[in-house]
Amino acid sequence: RVLDVAGGTGDIAALLHERVGDTGSVVLGDINAEMLGVGRDRLTDRGLVRGLEYVQLNAEALPFPDASFDLVTIAFGLRNVTDKDAALRSMYRSLKPGGRLLVLEFSKPVVPGLSRIYDRYSFKLLPLMGRLVANDEDSYRYLAESIRMHPDQDTLKGMMQAAGFARTQVYNLTGGIVAVHRGFRLDA
């Protein structure tokens, strides 16, 4: 049983559905009812109906009993959660003993010199592209700002540990621009 938090588009839920097969289940959760509908429609259009559930939820207070899931994922959504500590505690509580949390999120570049290039891209080029392509410069500026305000790899790892997660690890992708954080609930 798997929970994908902030998974509105359904992309991660579709991948998880392939992994759990016919015997497992995937819960797609999002705080935004409209995004949840988009995910449901996209997955239904792909013929993915069995083993999927859709729940409008707040990551800070997941509406599930303790120890409900084997895996909880959140991809590119944690940075938009107001109280990240509360969300991590709620995810921990929702996991079964031995369960795993995977967080995929923008992070801080770790390759020398990449930060300066990435900042120029994020704060100059990205908003310009947003204005030219989507006529929405502000949303792309917000994206860049939200990425910068999100905790770096070590800070997020520490937050996960403070929430109770054990065997936490960080896997940097694209020079640290994106990172995967993993932690386990080991208590019984």
Side-chain angles (χ1 to χ4, degrees), residues 1-107 150-151 153 155-173 178-188:
R1 186 162 154 93
V2 177
L3 170 63
D4 183 32
V5 179
T9 61
D11 295 329
I12 301 299
L15 295 171
L16 294 168
H17 187 267
E18 290 175 19
R19 294 285 196 155
V20 302
D22 294 334
T23 59
S25 66
V26 176
V27 177
L28 171 58
D30 202 290
I31 197 168
N32 184 306
E34 188 174 318
M35 283 304 299
L36 198 57
V38 168
R40 182 182 54 247
D41 292 347
R42 290 180 71 197
L43 293 172
T44 301
D45 289 347
R46 291 176 62 175
L48 303 177
V49 183
R50 294 182 103 180
L52 285 165
E53 183 181 343
Y54 304 90
V55 178
Q56 187 173 5
L57 54 75
N58 181 339
E60 297 170 14
L62 295 173
F64 306 104
D66 293 358
S68 293
F69 297 98
D70 300 290
L71 171 67
V72 174
T73 64
I74 183 167
F76 302 111
L78 188 60
R79 76 177 181 286
N80 294 317
V81 172
T82 304
D83 188 342
K84 293 169 186 49
D85 292 314
L88 291 168
R89 287 190 305 271
S90 188
M91 290 179 217
Y92 181 87
R93 180 194 58 75
S94 297
L95 281 168
K96 296 175 184 176
R100 175 177 35 172
L101 170 67
L102 295 174
V103 178
L104 174 65
E105 189 57 82
F106 289 105
S107 204
H150 186 68
Q153 291 90 321
T155 302
L156 181 53
K157 182 178 177 182
M159 291 168 69
M160 289 173 63
Q161 291 167 340
F165 289 97
R167 294 180 20 215
T168 55
Q169 294 178 293
V170 178
Y171 303 92
N172 287 310
L173 308 172
V178 173
V180 176
H181 285 72
R182 180 176 74 175
F184 293 87
R185 177 177 177 171
L186 296 183
D187 68 339

Output the distance between atom [atom1] ([X]) and atom [atom2] ([Y]), rounded to the nearest 0.5 Å.
| X | Y | atom1 | atom2 | result |
| --- | --- | --- | --- | --- |
| F76 | I12 | CZ | CD1 | 8.0 Å |
| R42 | L48 | CZ | CG | 11.0 Å |
| D83 | R89 | CG | CZ | 6.0 Å |
| F165 | R100 | CZ | CZ | 12.0 Å |
| L78 | M91 | CG | CE | 5.5 Å |
| K96 | D70 | NZ | CG | 4.0 Å |

Inset, instruction - Can you establish whether the number of heavy atoms outside D66 located under 6.0 Å from its atom CG is more than 12? - result: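 Counting other residues, nucleotides and ligands, CG of D66 exceeds 12 neighbours.
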Inset, instruction - Would you indicate whether the side-chain heavy atoms of N80 and I31 approach each other to under 4.5 Å? - result: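 The answer is no, as the side chains (C-beta and beyond) never meet within the 4.5 Å cut-off.
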Legend entry - Flag side-chain contact, heavy atom, 4.5 Å: L88 against L156: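 A side-chain contact exists here, since the closest heavy-atom pair is under 4.5 Å.
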Would you check if the side chain of [X] reaches a backbone N or O of [Y] as a donor-acceptor pair within less than 3.5 Å?
| X | Y | result |
| --- | --- | --- |
| E105 | A179 | no |
| H181 | L101 | no |
| E60 | A86 | no |
| R167 | L186 | no |
| R182 | Q169 | no |

Legend entry - Q161: partners by side chain to side chain donor-acceptor pair (under 3.5 Å), with sequence neighbours left out: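 Checked Q161 against side chain to side chain donor-acceptor pair (under 3.5 Å); matches are T168.
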Legend entry - All side chain to side chain donor-acceptor pair (under 3.5 Å) counterparts of Y54, not counting sequence neighbours: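 So Y54 forms no side chain to side chain donor-acceptor pair (under 3.5 Å) with any residue.
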Legend entry - Trace of the side-chain contact (heavy atoms from CB on, under 4.5 Å) decision for L104 with L173: CA-CA 10 Å; L104 174 65; L173 308 172; 4.3 Å; yes
Write down the atom of [X], the atom of [Y], and the distance for their closest heavy-atom approach.
| X | Y | value |
| --- | --- | --- |
| A14 | R46 | CB-NH1, 3.3 Å |
| A13 | V26 | CB-CG1, 4.0 Å |
| R93 | P65 | NH1-C, 3.5 Å |
| L62 | S94 | CD1-OG, 3.6 Å |
| A59 | S90 | O-CB, 3.6 Å |
| V27 | V55 | CG1-CG2, 3.8 Å |

Inset, instruction - Evaluate side-chain contact (heavy atoms from CB on, under 4.5 Å) for L52 paired with T44, printing each intermediate quantity in order. - result: CA-CA 10 Å; L52 285 165; T44 301; over 6 Å; no
Inset, instruction - Evaluate the ring planes of F69 and F64, with Trp represented by its six-membered ring, and classify them as parallel (under 30°), tilted (30 to 60°) or perpendicular (over 60°). - result: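 Aromatic pair F69/F64 classed perpendicular.
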All N/O donor-acceptor pairs, side-chain side in residues 1-9, below 3.5 Å, sequence neighbours left out:
residue	atom	partner	partner atom	Å
R1	NE	S68	O	3.4
D4	OD1	T73	OG1	2.8
T9	OG1	D11	OD2	3.2

Legend entry - Pair L71-L16, side-chain contact (heavy atoms from CB on, under 4.5 Å): steps then yes or no: CA-CA 10 Å; L71 171 67; L16 294 168; 3.9 Å; yes
Inset, instruction - Show your working on side-chain contact (heavy atoms from CB on, under 4.5 Å) between T155 and M159 and close with a plain yes or no. - result: CA-CA 6 Å; T155 302; M159 291 168 69; 4.2 Å; yes
